[in-house]
Each structure stands twice: as C-alpha cells, then as structure tokens.
Peer 1: 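What follows is a structure written as structure tokens; I'll ask about it next.
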Amino acid sequence: MMRRRIAVASLLLAAAVPVAGLRAQNGTIGGAITTAKNRVADVVVFLVPVSPATQTGAVAVEAEMDQRSLKFVPNVVVVSPGSTVAFTNSDRVMHNVFHPPKGGSGFDLGLFGPGEKRSFAFKNEGAYVVFCHVHPEMVGYVVVVDTPWRTVSDDSGHFAFAKVPAGSYVLHTWHGRFEEHRQQVVVSAGEHTNVEIALTHGAPGEPRVGAAGKPD
C-alpha cells in the first residue's frame, strides 16, 4: 500500500512539473503613461515580438462600444483584425455611427433609436475614428492591431500585461493627440518589467504591425 501511494505521488509530481515550467516561461509587464507630468488615459498600448518565432496570431473577438450621455463609452476600443464591434444606443435620442471615407475604409451604420444596436467588422489594421451624424461632438476610436498583447491605459494612466512569453518586444503606443511612442522591452520569465512612458503632442502614426512581427 505504501509503495502504491509513493508511485501515485510521483506521477502527480511529474505531471505538475511541465505545468509549472510553462508558467515560469511567462512574465508580466506594466507601467504608467504621462505627458507634462499628468497621467494619460485611453492610450492604446501593444507589444510586437522582435523575433518572428515568438509571434502569436491574434484571434478575432467581439467588443462593445456604448453610446451613453452623448458619449462613446469606452472612448477607445482595441481589437484584432476581423473583430466585430457592437455599438449600442443607451440614450433616449436617435444616434448614428460612421467612419469618414479614408482609403476605402469608411462606413455608415445609419440612424438607430434607443435600445438598438448596430455592429461592424473591422478587417484591417489601423485607427478608426467614429462619429455620430446627429451629435457632431461625439468622437470615439476603434484601434485594430494584429497582436494578442494589446490594452488601453486606465484613468490613472496605468497599463498592464499578464502571461507574456519571455523575450524581446517593441512596445508601441497610440493616442489621437500624441505622437506614437516605441521602445524595445525585455520580458523575463517569472519577473515583472516596469515601463514609464512620457508622450509628446503631435500627429499619431498608424498603429500597424509589420511583416514577421516587426514594426513598420
């Protein structure tokens, strides 16, 4: 009986080692984004592996952007190519969602009333500014990047990535009012990498990922 228990315990330990090993291959990365000593919210942050071997294809997802109190909420949504974004009208007035024609990427979802929802599939990478024909002051952004490591900074300017495979990456930022920031970062297995980013005002570039996982 004792030998049987020892054998079972040995098998369980052997099975657990690969799982622990896989977990140890990942690290975390995070930090804060500032400009003129102020924290910046709604900044898209994404990672592009330097080595093509580390590249992991992004999976299309379903996301939502609400129209509430005459605002797009959240103001910025980041998804992968092929993803669908649903726009819901949570106000008591008519709304519309459109993206101005730009290189053939324009669309217009028409007018829809309270409680209604319209969706659009974003096939290509890039930054899509969305407006409402009824309320010109409403502005939102859908940013499409072909990487699974993507996020948006919170109200305090913080961002974070969990379970990032160890390796070298190029960290990119995108915001409608600031220049794009790029820097190489290294993620170590079982460790946290902290990044502090200072943005400068200027025209943002197109947030696209180049061939073989390298920045354009």
Side-chain angles (χ1 to χ4, degrees), residues 27-50 58 61 63-81 83 85-88 90 97 99-100 102 105 122 124-132 135-164 168-187 191-210 213-216:
T28 61
I29 181 170
I33 302 176
T34 62
T35 178
K37 298 182 179 181
N38 295 316
R39 297 292 175 91
V40 187
D42 294 332
V43 178
V44 173
V45 185
F46 60 100
L47 303 175
V48 180
V50 171
V61 298
E64 294 187 2
M65 179 177 278
D66 203 356
Q67 291 173 293
R68 188 189 321 144
S69 301
L70 302 186
K71 294 180 180 179
F72 285 105
V73 182
N75 185 245
V76 180
V77 169
V78 58
V79 296
S80 52
S83 296
V85 178
F87 300 89
T88 302
S90 294
V97 177
H99 170 64
K102 181 182 178 183
S105 64
F122 293 84
N124 302 313
E125 289 184 276
Y128 298 79
V129 58
V130 291
F131 299 99
C132 173
H135 307 94
E137 71 275 16
M138 293 179 62
V139 182
Y141 298 93
V142 177
V143 179
V144 185
V145 290
D146 192 13
T147 172
W149 303 291
R150 58 183 186 268
T151 189
V152 179
S153 63
D154 61 21
D155 290 340
S156 61
H158 288 96
F159 68 93
F161 295 97
K163 298 180 181 180
V164 180
S168 296
Y169 297 81
V170 176
L171 181 149
H172 299 244
T173 69
W174 187 92
H175 189 280
R177 294 188 292 109
F178 300 101
E179 291 185 358
E180 178 191 21
H181 175 88
R182 297 188 185 190
Q183 74 177 79
Q184 188 161 331
V185 295
V186 176
V187 177
E191 297 184 9
H192 177 75
T193 301
N194 188 69
V195 182
E196 298 294 325
I197 300 172
L199 299 181
T200 57
H201 286 274
E206 280 293 316
R208 290 194 172 126
V209 179
K214 296 181 180 180
D216 292 336

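What's counted below: heavy atoms across the whole structure, side chains too, no hydrogens, waters or symmetry copies.
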Peer 1: Give a yes or no on whether the backbone of V45 and the side-chain of T151 come within a donor-acceptor separation of less than 3.5 Å.
Peer 2: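 Between the backbone of V45 and the side chain of T151 there is no qualifying donor-acceptor contact (under 3.5 Å).
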Peer 1: Looking only at heavy atoms, which two atoms of M65 and Y141 are closest? And how far apart?
Peer 2: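 Closest pair (atom of M65, atom of Y141, distance): CE-O, 3.4 Å.
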Peer 1: Ignoring hydrogens and geometry, is there a side-chain-to-backbone donor-acceptor pair from S80 to V145 under 3.5 Å?
Peer 2: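 Here the side-chain-to-backbone pair does not exist.
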Peer 1: Only counting residues at least two apart or in another chain, list the ones meeting side chain to side chain contact (heavy atoms under 4.5 Å, CB included) with E64.
Peer 2: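 For E64 the side chain to side chain contact (heavy atoms under 4.5 Å, CB included) partners, ignoring immediate neighbours, are A86, K117.
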Peer 1: For R177, does its backbone N or O pair with a side-chain atom of H175 as donor and acceptor, under 3.5 Å?
Peer 2: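 Yes: the side chain of H175 pairs with the backbone of R177.
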Peer 1: So which atom in E196 and which in G31 form the shortest heavy-atom distance, rounded to 0.1 Å?
Peer 2: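 Of all heavy-atom pairs spanning E196 and G31, the closest is OE2-CA, 4.4 Å.
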Peer 1: Please identify which of these residues, V77, V142, V143, meets the side-chain contact (heavy atoms from CB on, under 4.5 Å) condition with F122.
Peer 2: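 Result for side-chain contact (heavy atoms from CB on, under 4.5 Å) with F122: V142.
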Peer 1: What are the two closest heavy atoms between V130 and F72, and how far apart are they?
Peer 2: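 Heavy-atom minimum between the residues: O-CE1, 3.6 Å.
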Peer 1: If the condition is salt bridge (charged side-chain N to carboxylate O under 4.0 Å, His left out), which residues does R68 pass it with, not counting sequence neighbours?
Peer 2: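 Result, salt bridge (charged side-chain N to carboxylate O under 4.0 Å, His left out) vs R68: D66.
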Peer 1: Should we count CG of D155 as having more than 12 external heavy atoms under 6.0 Å?
Peer 2: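 Counting other residues, nucleotides and ligands, CG of D155 stays at 12 neighbours or fewer.
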Peer 1: Please answer whether the main-chain N or O of V129 pairs with a side-chain N or O of H99 as donor and acceptor at a distance below 3.5 Å.
Peer 2: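 Yes, H99 side chain to V129 backbone: donor-acceptor pair under 3.5 Å.
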Peer 1: Step by step, would you call I197 with Q183 a side chain to side chain contact (heavy atoms under 4.5 Å, CB included)?
Peer 2: CA-CA 9 Å; I197 300 172; Q183 74 177 79; 4.1 Å; yes
Peer 1: So, for E125 and P207, which heavy atoms are closest and what is the spacing to 0.1 Å?
Peer 2: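 Looking at all heavy atoms of both residues, the closest pair is OE2-O, 4.3 Å.
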Peer 1: Look at the aromatic rings of F46 and H172 and report parallel, tilted or perpendicular, splitting at 30° and 60°.
Peer 2: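 F46 and H172: parallel rings.
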Peer 1: When you look at T193 and V186, which way does the side chain to side chain contact (heavy atoms under 4.5 Å, CB included) test go after all the steps?
Peer 2: CA-CA 7 Å; T193 301; V186 176; 5.9 Å; no
Peer 1: Side-chain contact test, heavy atoms from C-beta onward, threshold under 4.5 Å: evaluate it for V43 versus F159 and give yes or no.
Peer 2: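 No - every pair of side-chain heavy atoms lies 4.5 Å or more apart.
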Peer 1: On a heavy-atom basis, which atom in A58 and which in P148 lie closest, and how many Å separate them?
Peer 2: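 Here A58 and P148 meet closest at CB-N, 3.8 Å.
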Peer 1: Which distance, rounded to the nearest 0.5 Å, do you find between the CH2 of W149 and the OH of Y169?
Peer 2: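 Between atom CH2 of W149 and atom OH of Y169 there are 4.5 Å.
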Peer 1: Would a distance-only check, ignoring hydrogens and angles, find a side-chain to backbone donor-acceptor pair under 3.5 Å from N124 to P81?
Peer 2: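 Between the backbone of P81 and the side chain of N124 there is no qualifying donor-acceptor contact (under 3.5 Å).
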Peer 1: Measure across H181 and A198 and return the closest heavy-atom pair with its distance rounded to 0.1 Å.
Peer 2: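 Result for this residue pair: ND1-O, 4.4 Å.
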Peer 1: Working to the nearest 0.5 angstrom, can you tell me the gap between L47 CG and I29 CD1?
Peer 2: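 The distance works out to 5.5 Å.
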Peer 1: How long is the gap from CG on L70 to CD on E137, to the nearest 0.5 Å?
Peer 2: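 Answer for the CG-CD pair, L70 versus E137, is 6.0 Å.
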Peer 1: Under the 3.5 angstrom rule, does the side chain of T88 hit a backbone N or O of S90 as a donor-acceptor pair?
Peer 2: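 Between the backbone of S90 and the side chain of T88 there is no qualifying donor-acceptor contact (under 3.5 Å).
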Peer 1: List in chain and number order the residues that pass side chain to side chain contact (heavy atoms under 4.5 Å, CB included) with Q184, two or more places apart in sequence or in another chain; answer none if no residue qualifies.
Peer 2: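 With sequence neighbours excluded, Q184 shows a side chain to side chain contact (heavy atoms under 4.5 Å, CB included) to V50, S168, given in chain and number order.
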Peer 1: For the backbone of Y128 and the side chain of S105, can you confirm whether one donor and one acceptor N or O come within less than 3.5 Å of each other?
Peer 2: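 The answer is no, because no donor-acceptor pair under 3.5 Å joins these two groups.
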Peer 1: Rounded to the nearest 0.5 Å, how far does CD1 of I33 lie from CZ of R39?
Peer 2: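 Rounded to the nearest 0.5 Å, the CZ-CD1 separation comes out at 10.0 Å.
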